[in-house]
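Here's the structure, in structure tokens; my notes come after.
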Amino acid sequence: MTSENKSKKAPYTIPIGPTHPALKEPILFTFRINGEVVEEVDFAPGKAHRGIEWMGMRRNPVQIVHLTDRICGICGVSHTFAFARAIEQIVGIDVPDRAHYIRTILAEFERIQSHLLWAGVAAHELGFDTLFNLAWRVREESMDLIELLTGNRVNYAIVQVGGVRRDIEEEKFARIKEGLRYYESLIDKLLKLFLHDKTINMRCRDCGLLTYDAALKLCTVGPTTRASGVRADVRLDSPYAAYGELNFDYVMPDLYTGETRGDVYDRIVVRLLEVAQSVDLIRQCMKQMPEGETLWETKMPKLLAACKKAEGEAVGRVEAPRGECLHYVRMNKSDSPYMWKVKASTYSNQLSWLEMLKGEQIADIPIIVASIDPCMSCTDRVAVVRDGKPDIYSKEYLHRLSVEKTRRLMND
Amino acid sequence: MIDVILAVVGGTIAVTIIGIIVGLVLLGIDRKFAAHMQARVGPPLRQPFIDVAKLMCKDSIVPENAVVSVFNAAPLIALASAVTLLLYIPIAGFYPLFGGLGDAILVMYILTVPALAMVAGGFASGSPYATVGAQREMVTMIAYEFPLAVAIVAVAWRFSMAGFSDPFSLATMAGVGSGVVVWDIVGPLGIIGCLILLLVLAWVTPAELSRVPCDTPEAETELCGGLVAEYSGRNLALFYLAGGVKTFAMTALGVAIFLPWNISWFIGITGWTALIADVVFFLLKVIVVMFFSVSLIRVSMARFRINHLVSLYWGYIAIAALVGLMMIILDVFMKGGVVL
């Protein structure tokens, strides 16, 4: 503790993190508090950096697909999906239609389980453990279905470059429909429990406000931005997989409450309504799914050879449960990509914390931090270490580095 | 003289042991109740005993910038004062050990001591979490003291109006000896007033015990345990024991004031069987009170923000308590029930 922190006089400094019960993943927040009110916020991500991109740039695309599965325990499909889309664009692979539909179904199941997991976490942050237990219990159904479809509860290993590794056979439809009916019958109950509870209302209404302008300015994505009234959804804005053929619309909080405030409550509304939307999307997919192949090329050496021949760059974007997930890949006629960059949704959303937390109370810190559904292992792509100690690259320093490099290149 | 001292010392030791055992069992039952309401299996009933035994074996770490003496004394004071409470509260229809030496007002004062000890320990921890927790605990205390005082004083006042010589004595309120309880002396209006006060007392209990929704001073997800954030090992075990004993004392207080009946009188048995029946019946009442005032409330609500807590207790619950008091006053003026 520094001498500055020792001061007991207001305003004082409270560190939250890198490990803290309010945080599910490591990140360090530093709050300057006056009484119970947050005056200033700063945060330092980078505590969950694992060098996945570095590992990926030494492997071939098929190996990387399985590495992307492990970027995040929750949105494994989204990452593999985004990476596969980037490679498919570079190589020029035409993914079979049936694979598109299967990918869509899986992505939507992932959204259901992710949103329910989040709902449970949010309830726990509010100290409402009964609701946390309930949310996680009903989440199990989606986990079971995902296990039925992919063979795994997490790290699904189902998306492959050029398609999916497993088909959804006809006999599984009955079980899927049963699961969908379960959620359809449940959604009203969940909405009632979460949105009409007096204490949740009291804690979440007008708490952690993010205005429409701020949401736009900070380039927030996913449910966070939709809860502030911004109509943005990768599935609709630039349809991929089967989304172009499905009938759905942006999920906005005013659908349910009739108004958009951009508070934590609205974020709960959006996520719960998206569970209902996902159920509907899966139903549509099951109805429209065409017959056919599920992989562009079943023989691995052929697929790898095609990847090796490819040259170019591409961006794969998908709407992960938390928002846009973006993979940039550059191939340079070699086994492994020349460049691979992952930008997860939390990276875009995290700066909105500063906006939301200012002027709020200590008691609201956990729920506001959780309200964007942060995923640090998705986000942490850089950690600066100098002389064995964590360090920060400032904008000025990076600018100077780039100027120096340009000079060097010009002199060569 | 020597036998009086022996009786006091022996009695105190007995009450301490009984208080700790019953307190821990109550915590275990509470966890079971909560688990079943949340559709979980929950830990075994003896889990609090296992927890305490384990904590006792652990090192007690004292933070570098803590005020060591206060930091170490606080858990002891908390447990000692929680046990002291039991010496003044009638248990299972027995005359309390120190019943002649203190009354309900004293109990109300002692009730604040464990909380104050935790506040002192929190401030002495030198941790920002504990400091915030200590501030919140003080605010919480200020918030719930008023409704609690109104509830107890209203009942005592009703007893004095009915002509009892020692109305503030908890033994009088519990009908020890006389067999007269508050429901016997109030009229119809007074019954409504007492029911309101019973609810008020049930709502004060979670705040007094720092349980959800009033666990703001400890708020696990916000303050990592707040007041007790820096406590570990033996010190934490003592706080845990104090929490258990206080749960027992708070529920026993509720039982003594509002549900003091004995079963032996009702089914007409005497001797040892009557004694056992009374004790079992008393423990059942304590568990029922705990279920409604601790377990049920804590599984059905989210945690309050500190400003919500203050406005709830100073606003709604204080008003409810005052309405209950008014009912009892009206009851007396309208000559309902027993009035001298």
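Residue numbers start from 1 in every chain, and the chains themselves are labelled A, B, ... in the order their sequence lines are given, proteins ahead of strands. A quick note: this is a predicted structure, and the numbers were derived from the prediction, not measured.
- Contact of Arg305(B) with chain A is made through backbone and side chain together, with heavy-atom distances under 4.5 Å.
- Contact between Phe248(B) and Gly23(B) at its shortest, heavy atoms only, is CB-CA, 4.3 Å.
- Ranked by heavy-atom pairs shorter than 4.5 Å toward chain B, the options Ile16(A), Leu134(A), Ile367(A) are led by Ile16(A).
- With a 4.5 Å cut-off on non-hydrogen atoms, Glu125(A) touches chain B through its backbone and its side chain both.
- Under the 3.5 Å distance criterion, with hydrogens and angles disregarded, a donor-acceptor pair is assigned to the side chains of Tyr144(B) and Glu208(B).
- With chain B as the partner, the residue from Thr130(A), Ile14(A), Ile365(A) showing the most heavy-atom pairs under 4.5 Å is Thr130(A).
- With Asp59(B) contributing its side chain and Ile61(B) its backbone, the two residues share no donor-acceptor pair below 3.5 Å.
- Side-chain contact of Ser210(B) with Asp215(B): a donor-acceptor pair under 3.5 Å is absent, judged by distance alone.
- Side-chain rings of Trp353(A) and Phe29(A) approach one another, their centers coming within less than 6.0 Å.
- For a residue to count as touching a neighbouring chain, one of its non-hydrogen atoms must lie under 4.5 Å from one of that chain's; by this rule Ile362(A) touches chain B with backbone and side chain alike.
- Of the two parts of Asp129(A), the backbone and the side chain both hold a non-hydrogen atom closer than 4.5 Å to a non-hydrogen atom of chain B.
- The pair Arg136(B)-Glu36(A) meets the salt-bridge criterion, with a side-chain N (NZ, NE, NH1 or NH2) lying under 4.0 Å from an Asp/Glu carboxylate O.
- Heavy-atom pairs under 4.5 Å with chain B peak, among Asp364(A), Ile200(A), Asp197(A), at Asp364(A).
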